[in-house]
Novice: 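One structure, pasted below without further comment.
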Amino acid sequence: PVTTPAIDLTLTPMEIRSNEFSVSSGGTTVGVRAAVSRYTTPTPILDARVRASGDLGEVLNVAHAWGVEAAEGMSGSGPLTLDVTATGPVESLNLAGRGTLTSATLTTPALTQPVAIKTAQLSFTRDSAILERLTATVGRTNADGRLTVRNFTAPQLDFQLAADQINVRELQALMAPAPASTRAGQKAAEPGILARTTGTGRLTVGSIAYDTLLLEDVQATAALDRGLILLSPVTAGLFGGR
């Protein structure tokens, strides 16, 4: 259950303002304060802050209860701290914040197995986010790296990723099946996020196994172009050569 004991509101003809109220789930409490000015005009202005320190899964429960779409289908556990501010016109909010996650497990609709996150630090603004000091495990693959995302509508990525091993068959099995095609008369689904993503990065992997093919000490420069991943150049150990 998610509980909100009380919200105190101050109302004037030009502004609605709340106290810093709490939203709780289990042993985690999320503190929220918000003010909406010019609320009778077509361009209301928001000034809000959300702070949390507790369990990832319980914070996701709060997000589900308050209708945060990004949290749909996600669950997890582990210590999380989060501090977010949102200011400006409601249609073009200026977002800023930071968060840390340690010794956590995250389950998402995109993967058939949970991701174990040893450490992660996130900072973000309205149109960019930086994920750094990331150390994570999924399946038998351990990886660490960093990621910068710009322009969330059509994401532009810059990343560095190092993994100890990748088994291609296992990786394929980790990917959740795509949703069934829409029925006749239903609106077609929006293009997936990968179809809108571009970027570049550096990839290093201790070994990549695909059936009897084994690549070792793999190093590559990666380019992402709306669903196409290009690795060029690629160097690797192969059958005793390179």
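Index from 1, following the sequence.
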Novice: More than 12 non-hydrogen atoms from neighbouring residues, nucleotides or ligands closer than 6.0 Å to CZ on R150, yes or no?
Specialist: no
Novice: Do L9 and S18 have side-chain heavy atoms sitting under 4.5 Å apart?
Specialist: yes
Novice: Mind checking whether V30 and R51 have side chains closer than 4.5 Å, heavy atoms only?
Specialist: no
Novice: Side-chain heavy atoms under 4.5 angstrom apart, residues restricted to Ile, Leu, Val, Met, Phe, Trp, Tyr: same cluster for V68 and L46?
Specialist: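 No, it is not one cluster - the side chains of V68 and L46 are not joined through contacts under 4.5 Å.
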Novice: Determine whether S128 and T148 satisfy the following criterion, side-chain contact (heavy atoms from CB on, under 4.5 Å), listing intermediate values before the conclusion.
Specialist: CA-CA 7 Å; S128 67; T148 300; 5.6 Å; no
Novice: State, with a plain yes or no, whether a side-chain heavy atom of V2 is found less than 4.5 Å away from one of H64.
Specialist: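 Contact flag for V2/H64 side chains = no.
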Novice: Between the main-chain N or O of T119 and the side-chain N or O of T135, is there a donor-acceptor pair closer than 3.5 Å?
Specialist: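 It does not hold such a pair.
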Novice: Can you measure from CG (L203) to CD (Q160) and round to the nearest 0.5 angstrom?
Specialist: 11.0 Å
Novice: Looking at L134 and A120, what are the two nearest heavy atoms and their distance?
Specialist: CD1-CB, 4.0 Å
Novice: Short question: side chain of Q165, backbone of R140 - any donor-acceptor pair under 3.5 Å?
Specialist: yes
Novice: Any donor-acceptor pair under 3.5 Å linking the side-chain atoms of T29 with those of S24?
Specialist: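 Their side chains do contain a donor-acceptor pair, which is all the 3.5 Å distance test asks for.
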Novice: Assess, by modelled atom type and distance only, whether the side chains of D47 and T87 contain a donor and an acceptor separated by less than 3.5 Å.
Specialist: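 Checked: D47/T87 side chains show no N/O donor-acceptor pair below 3.5 Å.
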Novice: State, yes or no, whether a side-chain contact exists between L106 and L56 at a heavy-atom distance under 4.5 Å.
Specialist: yes
Novice: Under a 3.5 Å distance rule, please check whether T112 uses its side chain to pair with a backbone N or O of A173 as donor and acceptor.
Specialist: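 Looks like yes, one N/O pair under 3.5 Å.
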Novice: T4 vs W66, test: side-chain contact (heavy atoms from CB on, under 4.5 Å). Steps then yes/no.
Specialist: CA-CA 11 Å; T4 303; W66 282 64; 4.0 Å; yes
Novice: Can any side-chain N or O of N19 pair as donor or acceptor with the backbone N or O of D8 at less than 3.5 Å?
Specialist: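 Yes, because the side chain of N19 sits within donor-acceptor range (under 3.5 Å) of the backbone of D8.
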Novice: State plainly whether the residues R133 and D144 are in salt-bridge range, i.e. N to O under 4.0 Å.
Specialist: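 Salt bridge: no.
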Novice: So, for L60 and A71, which heavy atoms are closest and what is the spacing to 0.1 Å?
Specialist: CD2-CB, 4.0 Å
Novice: Atom OH in Y210, atom CZ in R169: separation rounded to 0.5 Å?
Specialist: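 So the gap between those two atoms works out to 4.0 Å.
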Novice: Measure across V62 and S25 and return the closest heavy-atom pair with its distance rounded to 0.1 Å.
Specialist: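 Closest approach of V62 to S25, heavy atoms only: CG2-CB, 4.0 Å.
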Novice: If every non-hydrogen atom of L214 is compared with every non-hydrogen atom of S207, which pair is closest and at what distance?
Specialist: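 Result for this residue pair: CD1-CB, 4.1 Å.
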Novice: Could you tell me if R202 and T221 have a donor-acceptor pair between their side chains, going purely by distance under 3.5 Å?
Specialist: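 Yes, a side-chain donor-acceptor pair sits under 3.5 Å.
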Novice: Got a second to check how far L11's CG is from R17's CZ, nearest 0.5 Å?
Specialist: 11.5 Å
Novice: At what distance, to the nearest 0.5 angstrom, does CG of L147 lie from CG of L161?
Specialist: 9.5 Å
Novice: Between R126 and S92, which heavy-atom pair has the shortest distance, and what is it?
Specialist: NH2-CB, 3.3 Å
Novice: Quick check on E91: does its CD atom have over 12 non-hydrogen neighbours (other residues, nucleotides or ligands) under 6.0 Å away?
Specialist: no
Novice: Kindly work out whether a path of hydrophobic side-chain contacts (I/L/V/M/F/W/Y, heavy atoms less than 4.5 Å apart) joins V168 to L228.
Specialist: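 No, V168 does not connect to L228 through the hydrophobic network.
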Novice: Kindly compute the distance separating CZ (F159) from OG1 (T200), expressed to the nearest 0.5 Å.
Specialist: 7.5 Å
Novice: Where the side chain of N151 meets the backbone of Q156, is there a donor-acceptor pair that is under 3.5 Å apart?
Specialist: no
Novice: Do K118 and S103 touch side chain to side chain, with heavy atoms closer than 4.5 Å?
Specialist: no
Novice: Could you give me the CA-CA distance, side-chain angles and deciding distance for R226 and R196, then say whether side-chain contact (heavy atoms from CB on, under 4.5 Å) is met?
Specialist: CA-CA 5 Å; R226 299 172 181 85; R196 306 193 305 270; over 6 Å; no
Novice: Could you go through residues 231-242 and list every donor-acceptor pair under 3.5 Å that involves a side-chain atom there, pairing it with any protein atom two or more places apart or in another chain?
Specialist:
from: R242; atom 1: NH2; to: D217; atom 2: O; distance (Å): 3.3
from: R242; atom 1: NH2; to: D217; atom 2: OD2; distance (Å): 3.4

Novice: Would you say the side chain of D225 lies within less than 4.5 Å of the side chain of T198, judging by non-hydrogen atoms?
Specialist: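 Counting from C-beta outward, T198 and D225 do come under 4.5 Å.
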Novice: Of all residues at least two apart in sequence or in a different chain, which pass the side chain to side chain donor-acceptor pair (under 3.5 Å) check with R98?
Specialist: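 With neighbours one apart ignored, the set is empty.
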Novice: Within this structure, what is the OG1-CD1 distance for the pair T125 and I130, rounded to the nearest 0.5 Å?
Specialist: 8.0 Å
Novice: If we ignore hydrogens and angles and just use 3.5 Å, is the side chain of T3 paired with the main-chain N or O of P5 as donor and acceptor?
Specialist: no
Novice: Do the side chains of T197 and L157 get nearer than 4.5 Å, heavy atoms only?
Specialist: yes
Novice: How close do P79 and L101 get, counting heavy atoms only, and between which atoms?
Specialist: O-CD1, 3.3 Å
